[in-house]
Amino acid sequence: MSPWEAVGVFAAGIGAGTINTVVGSGTLITFPVLLAVGLPPVTANVSNTLGLVPGSVSGVLGYREELRGQRSRLIRLGSASLSGGLLGAILLMVLPAGAFKAIVPVLIGIALLMVVLQPRLAKYLATHRSTPVTAEGGVALLIGVFGTGVYGGYFGAAQGVLLLGLMGLLLDDELQRINATKNVLALLVNGVAAVFFLFVAHIDWTAALLIAAGSVIGGQLGSRIGRRLPPTALRALIVAVGIAAMVKLLL
């Protein structure tokens, strides 16, 4: 990796850490950059997952005030995230590399669609909610969080958007508190997947450490000033790099 490529990976880590803390989808920033510097898709995904863990910790710390009083919820939903994340990581290692290269463009496309439609989806859910909401979300939320964990352990782009959509639909709570919960659940998914990858996968440690350093900075930026970024500009950036990743994988 050349010095300029290293700078690019570090900067991508900052962007991903910021975006992950605000809404999710940071992988759509870092993953294309890792592909661009020459990493194979599976190695890029594994290294990215490991590198983003410190940024997730940074984001959770930045939202610690909003986490007060959520212990029981975090234990309940966190168990679903941990088990789902581990299953997703196992699937990444068990399925052939060719399957990952074929599946990921589809996953990125779905993630981009979620990013683009998230504002309309949130508005629709707020006005057309047909199921009663509770403080805990019921079995439906538990299953949804588990499924999102499987997705996050396997690839993870926009898992934060998926979690926000699920919890916004099924939880009766303030958005900032839900976002704080989302950050913890995403941390658990990435964390358990990263620990698993340490023992069974090839990791590009240069890339992982550069992303880790950048994502820690980004996590703090996201928790402090990230909410002030224009949502339209943020989504446009995510869509642009996501399309770049799809083109890179398909061609």
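Checked against side-chain contact (heavy atoms from CB on, under 4.5 Å), Ile14 has the following partners two or more places apart in sequence or in another chain: Phe10, Thr18, Ile217, Leu221. When the side-chain hydrogen bond (donor to acceptor under 3.5 Å, both in side chains) test is applied to Ser58, the partners found at least two apart in sequence or on another chain are Gln220. Taking Val200 as the reference, Met93, Phe196 meet the side-chain contact (heavy atoms from CB on, under 4.5 Å) condition, with sequence neighbours excluded. In this structure, Arg71 has no salt bridge (charged side-chain N to carboxylate O under 4.0 Å, His left out) partners at least two apart in sequence or on a different chain.
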Distance-only donor-acceptor hits, side chain of residues 78-86, under 3.5 Å, sequence neighbours excluded:
from, atom 1, to, atom 2, distance (Å)
Ser79, OG, Arg76, O, 2.7
Ser83, OG, Ser79, O, 3.0
Ser83, OG, Ala80, O, 3.1

Side-chain donor-acceptor pairs of residues 181-192 under 3.5 Å, sequence neighbours excluded:
from, atom 1, to, atom 2, distance (Å)
Thr181, OG1, Gln70, OE1, 2.5
Thr181, OG1, Arg177, O, 3.1
Lys182, NZ, Asn20, O, 2.7
Lys182, NZ, Thr21, O, 3.3
Lys182, NZ, Asn179, OD1, 3.1
Asn190, OD1, Gln159, NE2, 3.3

What donor-acceptor contacts under 3.5 angstrom involve side-chain atoms of residues 34-50, with partners at least two apart or in another chain?
from, atom 1, to, atom 2, distance (Å)
Asn45, ND2, Tyr154, O, 2.9
Ser47, OG, Thr43, O, 2.8
Ser47, OG, Asp204, N, 2.9
Asn48, OD1, Thr30, OG1, 2.4
Asn48, ND2, Thr27, OG1, 3.2
Thr49, OG1, Asn45, O, 3.0

Distance-only check: which donor-acceptor pairs under 3.5 Å involve side-chain atoms of residues 209-216, not counting sequence neighbours?
from, atom 1, to, atom 2, distance (Å)
Ser215, OG, Gly51, O, 3.2
Ser215, OG, Gly55, N, 3.1
Ser215, OG, Ile211, O, 3.0
Ser215, OG, Ala212, O, 3.1

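Summarising the geometry, atom CD1 belonging to Ile203 is positioned 4.5 Å from atom CG belonging to Leu198; distances are rounded to the nearest 0.5 Å.
The shortest distance between side-chain heavy atoms of Phe100 and Leu95 does not fall below 4.5 Å.
Between Ala194 and Val53, the shortest heavy-atom distance links the atoms CB-CG2, 3.9 Å. Here the closest non-hydrogen pair linking Ala102 and Pro105 is O-CD, 3.5 Å.
Hydrophobic cluster membership differs between Val145 and Ile75, with clusters built from Ile, Leu, Val, Met, Phe, Trp and Tyr side chains linked at under 4.5 angstrom. The hydrophobic clustering, which links ILVMFWY residues whose side-chain heavy atoms are closer than 4.5 Å, places Ile90 and Phe199 together.
Contacts classified as ring pair (Phe, Tyr, Trp, His ring centres under 6.0 Å) and involving residues 159-193 (residues at least two apart or in different chains) are not found.
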